[in-house]
Amino acid sequence: MKKLVAILMGGIFAASVSSAFAVESCVKCHKSMDKVAEYIKKSGVKSADEFVDFLRNKSAKKALHKSVKDEDIKKAFAEASKK
Ligand code: HEC
């Protein structure tokens with residue numbers, strides 16, 4: 001029984017780690033998060049909130065990002081700034 005729990009926990013851990021490398025709602029259109037990270041760097045935003053503001057209001061591509069959630073935008077920023 002303990003072993004089963006360990007395997008289960010391992011699986012959950014692996015799943016959460018792999019999702020840390022890509023924000024699902026972004027990679028639907030953006031093939032890789034590397035590209036997104038590059039865009040973030042170029043935009044010059046310094047915080048997750050600034051990035052939300054940029055993608056929502058300032059970007060020329062803002063219309064394309066209406067459907068993405070704030071939390072996903074913030075997640076993408078957190079991920080990009082790790083690199
Ligand atoms: C509906 C499709 C779609 C989704 C979903 C999407 N994007 Fe985009 N995004 C685009 C397109 C198209 C561009 C234009 C550039 C390109 O072709 O890569 C773009 C451009 C950008 C840019 C550059 C904007 C600029 O003005 O410099 C950033 C940053 C960006 N996306 C971040 C994100 C993040 C973060 C997510 C997830 C939260 C996301 N995108 C989800 C389609 C999408």
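Ligands are counted one by one from 1 in listed order, and the atoms in each one are counted from 1 as well.
Considering backbone and side-chain atoms alike, Asp72 places every N or O at 3.5 Å or more from each N or O of ligand 1. Note: an N/O pair closer than 3.5 Å links His65 and ligand 1 by distance alone. For ligand 1, the polar-atom distance check finds no N/O of Ser67 at less than 3.5 Å from any of the ligand's N/O atoms. Taking only nitrogen or oxygen atoms, main chain and side chain alike, His30 reaches within less than 3.5 Å of ligand 1.
Within the 4.0 Å heavy-atom criterion, the part of Ala76 lying near ligand 1 is the side chain and not the backbone. Residue contacts with ligand 1, taken as heavy atom pairs separated by less than 4.0 Å, involve Phe54 solely via side-chain atoms from C-beta onward. Residue contacts with ligand 1 for Val23 are absent, since no atom lies close enough (heavy atoms, distance under 4.0 Å).
In terms of protein heavy-atom proximity, atom 5 (C) of ligand 1 is closest to Ser25 O, 3.1 Å. Scanning the protein heavy atoms around atom 36 (C) of ligand 1, the nearest turns out to be Cys26 SG, 2.8 Å.
Within ligand 1, the atoms closer than 4.0 Å to a non-hydrogen atom of Ile73 are 38 (C), numbered from 1 in the order shown. Below 4.0 Å from some heavy atom of Cys29 lie the following atoms of ligand 1, by number and element: 1 (C), 2 (C), 3 (C), 4 (C), 5 (C), 42 (C), 43 (C). Distances below 4.0 Å separate heavy atoms of Lys61 from the following atoms of ligand 1: 14 (C). Near Leu64, meaning under 4.0 Å from any of its heavy atoms, are these atoms of ligand 1: 1 (C), 10 (C), 11 (C), 12 (C), 13 (C). Ligand 1 places these atoms under 4.0 Å from at least one heavy atom of Tyr39: 15 (C), 16 (C), 18 (O), 21 (C), 22 (C), 23 (C), 28 (C), 29 (C). Set against the non-hydrogen atoms of Phe51, the atoms of ligand 1 under 4.0 Å away are 29 (C), 35 (C). Under a 4.0 Å criterion applied to the non-hydrogen atoms of Ser59, ligand 1 contributes the atoms 24 (C), 25 (C), 26 (O).
Put simply, the side chain of Met33 reaches to within 4.5 Å of the side chain of Val23, judged on heavy atoms. Contact annotation: the side chain of Lys74 approaches that of Asp49 to within less than 4.5 Å [non-hydrogen atoms, C-beta and beyond]. Residues Lys69 and Ser25 fail the side-chain proximity criterion, which asks for heavy atoms closer than 4.5 Å.
Judged by the shortest distance from any of its heavy atoms, Phe77 lies outside the 4.0 Å radius around the atoms of ligand 1. A heavy-atom separation below 4.0 Å is not found between Ser43 and ligand 1.
Separation of atoms OG (Ser43) and CG (Leu55) is listed at 8.5 Å; rounding is to 0.5 Å. Atom OG of Ser67 sits about 6.5 Å away from atom NZ of Lys28, to the nearest 0.5 Å. The NZ atom of Lys58 lies 12.0 Å from the CZ atom of Phe51; values are rounded to the nearest 0.5 Å.
The residue from Ile40, Leu55, Val36 that puts a heavy atom closest to atom 28 (C) of ligand 1 is Leu55.
Remark: side-chain polar atoms of Lys31 are not paired, donor with acceptor, to backbone N or O of Cys29 under 3.5 angstrom. Judged by distance alone, with hydrogens and angles left aside, the side-chain atoms of Glu79 form no donor-acceptor pair with the main-chain N or O of Lys75 at under 3.5 Å.
Look at Asp53 and Arg56 and you find no salt bridge, because none of the NZ, NE, NH1 or NH2 atoms lies under 4.0 Å from a carboxylate O.
In this structure, Tyr39 and His30 have perpendicular ring planes: the angle between them is above 60°, well past the 30° mark.
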